[in-house]
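In what follows, a single structure is set out as structure tokens and then discussed.
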Amino acid sequence: MALHKGTPGPRRDERSEFSTNPVYDEANPVSGMTGKPPRHCLPDGPMAPTTAYQFVHDELMLDGNARQNLATFVTTWMEPQAGKLMSDCLAKNMIDKDEYPRTAELERRCVAMLGHLWHAPDPDAVVGCSTTGSSEACMLAGMAFKRRWAKRNPVSYPATARPNLVMGTNVQVCWEKFCDFWEVEARQVPMEGNRFHLDPQAAAELCDENTIGVVAVLGSTFDGSYEPVAEVCRALDDLQERTGLDIPVHVDGASGAMIAPFLDPDLRWDFQLPRVASINTSGHKYGLVYPGVGWALWRTAEVLPEDLVFRVDYLGGDMPTFSLSFSRPGSQVAAQYYTFVRLGRAGYRAVQQEARDVACSLAERIEAFGDFTLLSRGDQLPVFAFTTADGVGAFDVYDVSRRLRERGWLVPAYAFPPNRQDLSVLRVVCRNGFSEDLADLFLADLGSLLPELRSQPAPTGKTVTAFHH
């Protein structure tokens with residue numbers, strides 16, 4: 001969350017004010033309404049709700065069209081029935097399990113459904129919770145890793161030993177935040193050549209007696225590719241045979257955990273692998289729910305330390321809870337349950353296949369322009385990254401991103417992390433609602449910009465920072 005600084009308050013007679021059309025006033029458009037509320041301090045009195053709505057609505061129009069945002073993984077379209085259900089639940093506080101037991105029950109059912117989907121040993125008794133998103137879920141998984149490690153090292157920690165967490169440089173920024181907030185050393189495997197994610201053997205070589213776990217990403221935000229979770233587990237199995245070190249794996253499946261079960265059923269990445277201790281996903285990404293909801297699941301109760309769990313009254317009994325956030329609406333959990341029962345396995349498979357088909361088709365047609373080289377093709381996550389082709393010197397990816405923004409399309413341009421900072425790319429995320437028709441319109445706009453870009457004497461050198469995980 002961004003930290004916003006307050007604006008110094010102007011004197012009363014110098015306030016920056018809105019101008020207003022008097023017909024905003026539904027009661028009487030000629031009632032003498034001054035209609036000039038200040039921007040940065042509270043107005044002296046109330047106004048009609050329709051007037052307040054119009055002021056806020058008009059300013060938010062300048063945010064642009066979320067459906068044209070090809071940078072975000074977050075869901076930008078749901079059915080009207082889901083929106084109505086979310087509105088019905090806005091006043092329900094998820095933290096109050098005893099006061100809203102049916103909302104808590106829907107959360108419990110969603111956890112069980114994900115347990116079945118991810119092959120938990122006992123899906124109906126799987127341990128898990130909803131969160132505000134994958135970032136919170138990752139924090140919880142990391143905390144469980146650290147607490148388990150600390151319990152195994154009570155003499156040396158915190159006196160002499162410092163825990164570490166192994167991951168690729170392509171991880172979502174929340175993992176770096178976790179390591180910073182909870183005083184864990186981040187050991188990152190850099191990218192090399194055309195390998196843009198975690199190398200299993202390199203990850204194993206970074207592990208030692210103070211490693212709390214290894215993070216494998218099922219769907220890198222940099223290029224949409226799956227990390228080889230099974231190979232990572234196999235490398236750690238070999239490490240244990242040689243050294244006795246038993247290093248658990250967390251799968252950050254923010255996006256891929258809601259793609260692979262439906263489109264890649266033979267891929268082994270989840271609780272089928274005994275070394276996978278926990279998994280997270282974003283319900284508000286390919287879980288197809290508006291922001292913000294995430295999910296964290298642990299293989300068994302044994303891998304989630306009991307002293308991290310709080311217990312609350314629930315239906316006259318006892319319910320364990322584990323979270324960093326507190327008050328939040330029940331809307332997203334209700335919407336997640338709605339989507340699960342609305343679509344089922346066949347529905348999710350159809351939606352995700354459509355997104356992948358659009359991504360693969362669009363990637364192929366962009367490649368056909370001849371100006372770009374694909375780094376990925378949308379055949380894992382419905383996401384692909386591309387850069388300018390060899391020999392293209394008139395423009396760069398930042399020029400393309402900036403020009404597309406003029407047409408309303410948000411396509412991020414960014415440099416890769418170590419050791420491929422030399423590589424800058426564009427990335428397109430295809431989500432539910434980004435149809436083949438919209439892809440055609442996007443491609444037409446990109447094609448119409450290319451002649452002008454090709455005629456430039458050189459790249460403009462104006463770097464845009466449009467990439468935010």
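The first residue of the sequence shown is numbered 1, and numbering continues consecutively from there. Predicted, not measured: the structure shown is a model, and the values here were computed from it.
To the nearest 0.5 Å, atom OG of residue Ser278 and atom CG of residue Leu140 are 10.0 Å apart. A distance of 9.0 Å separates CG in Asp396 from CG in Leu426, rounded to the nearest 0.5 Å. Between atom CZ of residue Arg405 and atom CD of residue Gln68 there is a gap of 11.5 Å, rounded to the nearest 0.5 Å. Once rounded to the nearest 0.5 Å, the distance linking CZ of Arg427 with OG1 of Thr387 reads 14.5 Å. The CZ atom of Arg356 sits 7.5 Å away from the CD atom of Gln380 when rounded to the nearest 0.5 Å. In this structure, OG1 on Thr75 lies 8.5 Å from OH on Tyr290, to the nearest 0.5 angstrom.
Residue Trp409 forms a side chain to side chain contact (heavy atoms under 4.5 Å, CB included) with just one option from Val428, Leu446, Leu441, and that option is Leu441. With Ser130 as the fixed residue, the side chain to side chain contact (heavy atoms under 4.5 Å, CB included) test singles out one of Leu106, Val333, Val111: Val333.
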Go through Phe416 and Leu375 one step at a time and tell me if the side chain to side chain contact (heavy atoms under 4.5 Å, CB included) criterion holds.
-> CA-CA 12 Å; Phe416 271 24; Leu375 277 67; 4.0 Å; yes

From CA spacing to verdict: side chain to side chain contact (heavy atoms under 4.5 Å, CB included), Met167, Cys179 = CA-CA 11 Å; Met167 64 196 88; Cys179 290; 3.8 Å; yes

Can you check side chain to side chain contact (heavy atoms under 4.5 Å, CB included) on His250 and Leu165, steps first, answer last?
-> CA-CA 10 Å; His250 174 79; Leu165 182 66; over 6 Å; no

Do Ile259 and Lys285 pass the side chain to side chain contact (heavy atoms under 4.5 Å, CB included) test, and can you show the C-alpha distance, the side-chain angles, and the key distance before you say yes or no?
-> CA-CA 10 Å; Ile259 295 288; Lys285 292 180 180 173; over 6 Å; no

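The backbone N or O of Leu245 lies less than 3.5 Å from no partner atom in the side chain of Glu209, so there is not a single donor-acceptor pair. For the pair Arg299 (side chain) and Val276 (backbone), a donor-acceptor distance under 3.5 Å is present. Under the 3.5 Å distance criterion, the side-chain polar atoms of Arg420 are left unmatched by any main-chain donor or acceptor of Met191. Checking side-chain atoms of Ser435 against main-chain N and O of Leu438 turns up a donor-acceptor pair under 3.5 Å. Checked by atom type and distance alone, the side chain of Glu79 never pairs as donor or acceptor with a backbone atom of Gln81 at under 3.5 Å. Glu231 places no side-chain N or O within 3.5 Å of a backbone atom of Pro200 that could act as its donor or acceptor partner. A donor-acceptor contact shorter than 3.5 Å is absent between the side chain of Ser282 and the backbone of Ser255. A donor-acceptor pair under 3.5 Å links the side-chain atoms of Lys146 to the main chain of Trp182, judged by distance alone. The backbone N or O of Leu324 lies less than 3.5 Å from a partner atom in the side chain of Glu136, making a donor-acceptor pair. When atom types are taken as modelled, the side chain of Thr281 and the backbone of Gly253 share a donor-acceptor pair closer than 3.5 angstrom.
Under 3.5 Å, the side chains of Arg275 and Gln240 contain a donor-acceptor pair of N or O atoms. Using modelled atom types, one finds no donor on one side chain facing an acceptor on the other under 3.5 Å when comparing Glu185 with Asn210. Side chains of Ser225 and Asp223: a donor on one and an acceptor on the other come within 3.5 Å. Donor-acceptor pairing under 3.5 Å is lacking for the side chains of Ser220 and His197. Arg328 and Thr132 share no donor-acceptor pair across their side chains, judged by distance under 3.5 Å alone. Side-chain contact check for Asp264 and Trp269: no donor-acceptor pair (N or O, by modelled atom type) lies under 3.5 Å. Residues His119 and Asp270 bring a donor and an acceptor atom of their side chains to less than 3.5 Å of each other.
In Asp124, the CG atom is crowded: over 12 heavy atoms of neighbouring residues, nucleotides or ligands sit closer than 6.0 Å. In this structure, Glu452 places its CD atom where only 12 or fewer heavy-atom neighbours from other residues, nucleotides or ligands lie under 6.0 Å away. By the 6.0 Å contact criterion, CD on Glu183 is open, its count of non-hydrogen atoms from other residues, nucleotides or ligands being 12 or less. For Asn194, the CG atom counts as loosely surrounded, since its 6.0 Å shell holds 12 or fewer non-hydrogen atoms of other residues, nucleotides or ligands. Applying the 6.0 Å contact sphere to OH of Tyr53 captures no more than 12 heavy atoms from other residues, nucleotides or ligands.
The minimum heavy-atom distance linking Met113 with Tyr337 is given by the pair CE-CE1, 3.6 Å. Counting all heavy atoms, side chain and backbone alike, Cys430 lies closest to Tyr286 at O-OH, 2.8 Å. In terms of heavy-atom proximity, Trp118 sits nearest to Ala257 at NE1-O, 3.1 Å. The shortest heavy-atom contact between Arg195 and Pro190 is NH2-O, 3.0 Å. What you find for Ala144 and Val303 is that their closest heavy atoms are CB-O, 4.2 Å. In plain terms, the two heavy atoms of Ala66 and Thr76 that are nearest each other are O-CG2, 3.7 Å.
Proximity of Phe322 to Val127: side-chain heavy atoms (C-beta onward) are nowhere separated by under 4.5 Å. With a 4.5 Å cut-off on side-chain heavy atoms, Gln353 and Asp357 count as touching. Contact annotation: the side chain of Thr388 never approaches that of Asp371 to less than 4.5 Å [non-hydrogen atoms, C-beta and beyond]. Met258 has its side chain within reach of Leu117: a pair of non-hydrogen atoms, C-beta onward, lies under 4.5 Å apart. Counting only heavy atoms from C-beta outward, the side chains of Trp77 and Phe434 never approach each other to under 4.5 Å. Counting heavy atoms from C-beta on, the side chains of Val383 and Phe73 come closer than 4.5 Å. At a threshold of 4.5 Å between non-hydrogen side-chain atoms, the residues Val358 and Pro382 do not count as touching. Under the 4.5 Å side-chain criterion, counting only non-hydrogen atoms from C-beta, Ser325 is not in contact with Thr131.
Taking the centre of each ring, Phe222 and Phe196 stay at or above the 6.0 Å mark.
Between Asp180 and Lys177, none of the side-chain N atoms (NZ, or NE/NH1/NH2) sits under 4.0 Å from a carboxylate O, so this pair counts as no salt bridge. At a threshold of 4.0 Å, the pair Asp88-Lys84 counts as salt-bridged, since one of the basic side-chain nitrogens sits closer than that to a carboxylate oxygen. The pair Asp246-Arg148 does not count as a salt bridge, with every side-chain nitrogen at least 4.0 angstrom from each carboxylate oxygen. A salt bridge links Glu367 to Arg377: one of the charged nitrogens lies within less than 4.0 Å of a carboxylate oxygen.
Taking the six-membered ring where tryptophan is involved, the planes of Trp175 and Phe178 are perpendicular, since the angle between them exceeds 60° and thus also 30°.
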